[in-house]
Visitor: 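Dropping the structure in here first, questions after.
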Amino acid sequence: MPTSSRTPTPPTTPPKPTWDPKPVNVRPFPWLRPTIRIRLTLLYGGMFLMAGIVLLTIIYMLAANALQEGSELPVKILRGNFAATSNVCNLPNESSGEIFTQAIQSCLQHQRAQALNTLLNRSLLALLGLTVVAFAFGYAMAGRVLSPLGRITRTAQRVAGSDLHRRIELGGPDDELKELADTFDEMLDRLDRAFESQRRFVVNASHELRTPLAINRTLLEVQLADPDASPELAQLGKTLLATNERSEQLVEGLLLLARSENKIVDKKPVDLAEVASQALDQARAEAQAKGVEIRGVRQQAFVQGNGVLLERIALNLVQNAVRYNIKDEGWVEVTTEPQQGCAVLVVSNTGPAVPAYEVENLFEPFRRLRTERTGSDKGVGLGLSIVRSVVRAHDGTITATPREGGGLEMRVVLPV
């Protein structure tokens with residue numbers, strides 16, 4: 001049976017992403033977070049409050065019993081004239097002894113009830129004041145007890161920002177928290193040594209590869225400069241020279257990737273608009289050769305960082321946007337703008353449709369969209385990996401979003 005050579009046309013627009021790009025750790029009311037400190041405070045204060053209520057109940061019962069036993073009349077009044085000395089009780093001036101005795105007993109019960117009432121009210125006020133003090137004291141004590149955990153958390157957050165040189169170095173008694181901190185420091189030591197060894201290996205290997213590649217390039221250029229060389233030999237020399245140039249780019253990329261994994265210590269004010277303009281100047285000839293229009297408004301936006309590495313960010317993004325573009329009526333838009341507490345560089349372009357689930361893979365070394373490592377002559381597969389490493393070294397973030405009509409929008413946010 002004859003088979004049709006027609007291939008299915010790819011979709012013009014990528015599928016919608018199913019993930020929510022909102023940050024998951026943002027809380028509308030962070031002070032309502034049930035932290036261990038808040039829970040310990042509620043535990044300490046609640047236990048004190050329950051103990052105070054039980055103690056107040058016992059004291060009230062004992063006082064009521066004591067007043068009940070102490071308010072009984074030890075004598076019985078038979079007759080006589082008495083005058084009331086208080087407005088609390090309404091005692092008859094002249095009456096029989098039985099009626100007068102009942103009146104005095106009623107008066108004593110009334111005074112006992114008033115005394116218990118006063119005791120209860122004042123005790124509740126005292127309990128309320130002591131509860132507030134207990135909660136405040138419990139909050140302070142919980143903070144003091146949990147302060148080593150806060151120190152461990154802050155160190156872990158700094159380590160998460162690629163700063164493996166920090167240590168907790170917790171002092172104090174040899175308890176469980178100090179054991180946890182020492183274990184964490186030991187883990188950081190091992191990680192730091194492993195990453196440093198990896199960086200050193202990449203740098204040394206790249207330096208060792210530079211020399212033979214430079215020698216090969218010199219020999220090939222000398223051979224190509226020979227006017228007596230045959231056309232076949234000249235074509236072979238050009239092919240080998242292109243392969244050698246690709247290898248040199250790979251080595252330079254590995255060196256830059258190894259350097260950019262470190263934190264930037266010596267930071268200076270750098271204008272992102274100037275950096276982006278310099279990157280566009282370097283890529284303009286390639287864009288004109290491919291018929292790609294370069295546009296965009298670049299506002300002045302200063303950040304603290306390394307100018308050479310920041311220029312590498314813009315250059316890699318612009319080169320990718322130019323190389324992975326459409327043939328006709330393609331464009332690359334580069335914009336910079338200052339925002340509250342940060343500066344933003346956005347590089348968007350037309351191009352082939354990019355599925356949302358493949359976007360994250362583009363930042364991995366030697367990964368390309370629907371191509372293998374050796375299947376493209378557009379680069380060595382380290383461009384976006386270098387960009388992400390440099391952005392992280394500057395404490396920034398980079399996100400890639402597929403466009404509706406194809407292509408990507410790369411957004412770099414750097415703190416000022």
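Worth knowing before you read on, the calculation uses all heavy atoms, side chains too, and leaves out hydrogens, waters and symmetry mates.
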Visitor: So which heavy atom on P338 is nearest to which on A301, and how close?
Guide: N-CB, 3.9 Å
Visitor: Could you tell me if the side chain of L414 sits less than 4.5 Å from the side chain of C342, heavy atoms only?
Guide: no
Visitor: When you measure from the side chain of N349 to the backbone of V322, do you find a donor-acceptor pair of N or O atoms at a distance under 3.5 Å?
Guide: no
Visitor: State whether the side chain of N325 and the backbone N or O of G330 hold a donor-acceptor pair below 3.5 Å, judged by distance alone.
Guide: no
Visitor: Apply the test side-chain contact (heavy atoms from CB on, under 4.5 Å) to residues V346 and M410: give CA-CA distance (whole Å), side-chain angles for both, the deciding distance (0.1 Å), then the verdict.
Guide: CA-CA 6 Å; V346 179; M410 312 294 291; over 6 Å; no
Visitor: Given 3.5 Å as the limit, does a donor-acceptor pair link the side chain of H394 with the main chain of N306, or not?
Guide: yes
Visitor: In Å and rounded to the nearest 0.5 Å, what is the CG to CD1 distance from L120 to I59?
Guide: 11.5 Å
Visitor: Any chance CZ of F137 has more than 12 other-residue heavy atoms, nucleotides or ligands included, within less than 6.0 Å?
Guide: no
Visitor: Under the side-chain contact (heavy atoms from CB on, under 4.5 Å) criterion, do F363 and V387 qualify, and how do the steps go?
Guide: CA-CA 8 Å; F363 292 96; V387 169; 5.5 Å; no
Visitor: Does R284 have any salt bridge (charged side-chain N to carboxylate O under 4.0 Å, His left out) partners at least two apart in sequence or in another chain, and if so, which?
Guide: D281
Visitor: Does the side-chain contact (heavy atoms from CB on, under 4.5 Å) test come out yes or no for I386 and L309, once each step is laid out?
Guide: CA-CA 9 Å; I386 293 174; L309 294 180; over 6 Å; no
Visitor: Checking K268 side chain against G307 main chain: does a donor-acceptor pair fall under 3.5 Å?
Guide: no
Visitor: Measure the spacing between CD1 of I53 and OG of S123 and express it to the nearest 0.5 Å.
Guide: 12.5 Å
Visitor: Do the non-hydrogen side-chain atoms of L362 and L408 ever get within less than 4.5 Å of each other?
Guide: yes
Visitor: Taking distance alone, no hydrogens or angles, what donor-acceptor pairs closer than 3.5 Å link side-chain atoms of residues 228-237 to residues at least two apart or in another chain?
Guide:
residue: S230; atom: OG; partner: L233; partner atom: N; Å: 3.2

Visitor: Can you tell me how far the CG atom of N216 sits from the CG atom of L241, to the nearest 0.5 Å?
Guide: 10.0 Å
Visitor: Report yes if the side chains of Q282 and L315 come closer than 4.5 Å at any heavy-atom pair, otherwise no.
Guide: yes
Visitor: Grab the two heavy atoms, one from V416 and one from A343, that are nearest each other, plus how far apart they are.
Guide: CG1-N, 4.0 Å
Visitor: How close do E311 and A279 get, heavy atom to heavy atom, and via which atoms?
Guide: O-CB, 4.4 Å
Visitor: Give the minimum heavy-atom separation between P402 and V359, together with the two atoms involved.
Guide: CG-CG2, 3.7 Å
Visitor: If we only count heavy atoms from C-beta on, is the T350 to R403 side-chain gap below 4.5 Å?
Guide: yes
Visitor: Does any non-hydrogen side-chain atom of R411 lie less than 4.5 Å from one of T401?
Guide: no
Visitor: Who passes salt bridge (charged side-chain N to carboxylate O under 4.0 Å, His left out) against K178, sequence neighbours left out?
Guide: D182
Visitor: Between S348 and W331, is there a side-chain heavy-atom distance shorter than 4.5 Å?
Guide: yes
Visitor: Salt bridge (charged side-chain N to carboxylate O under 4.0 Å, His left out) with D192: which residues, sequence neighbours excluded?
Guide: R167
Visitor: Please check if the side chain of T335 supplies one atom and the backbone of G296 the other of a donor-acceptor pair under 3.5 Å.
Guide: no
Visitor: Name all residues meeting the salt bridge (charged side-chain N to carboxylate O under 4.0 Å, His left out) criterion together with E337; count only those two or more places apart in sequence or in a different chain, and write none if there are none.
Guide: none
Visitor: Do side-chain atoms of D271 reach the backbone of Q300 as a donor and acceptor pair under 3.5 angstrom?
Guide: no
Visitor: Roughly how far, to the nearest 0.5 Å, is the CG atom of L188 from the CZ atom of R190?
Guide: 11.5 Å
Visitor: If the threshold is 4.0 Å, N to carboxylate O, is there a salt bridge linking E360 and R388?
Guide: yes
Visitor: To the closest 0.5 Å, what do you measure between CG (L55) and CG (L127)?
Guide: 9.0 Å
Visitor: Is the backbone of E179 close enough, under 3.5 Å, to the side chain of T183 for a donor and an acceptor to pair up by distance?
Guide: yes
Visitor: Working note: V318 + L280, criterion side-chain contact (heavy atoms from CB on, under 4.5 Å); need CA distance, chi angles, decisive distance, verdict.
Guide: CA-CA 7 Å; V318 172; L280 288 175; 3.8 Å; yes
Visitor: May I ask you to decide if V334's main-chain N or O and R298's side chain share a donor-acceptor pair within less than 3.5 Å?
Guide: yes
Visitor: Can you tell me how far the CD atom of E274 sits from the CD atom of Q278, to the nearest 0.5 Å?
Guide: 5.0 Å
Visitor: Is it the case that the side chain of T336 and the backbone of Q299 share a donor-acceptor pair, with hydrogens and angles ignored and the cut-off at 3.5 Å?
Guide: yes
Visitor: Counting only pairs under 3.5 Å, give me each side-chain donor-acceptor contact of residues 43-50, with atom names and distances, residues two or more places apart or in other chains.
Guide:
none

Visitor: Side chains of M61 and T57, heavy atoms from C-beta outward: is any pair under 4.5 Å?
Guide: yes
Visitor: Take atom CD of Q339 as the centre, draw a 6.0 Å sphere, and report whether it contains more than 12 heavy atoms from other residues, nucleotides or ligands.
Guide: yes
Visitor: Is the closest side-chain heavy-atom distance between L224 and K238 below 4.5 Å?
Guide: yes
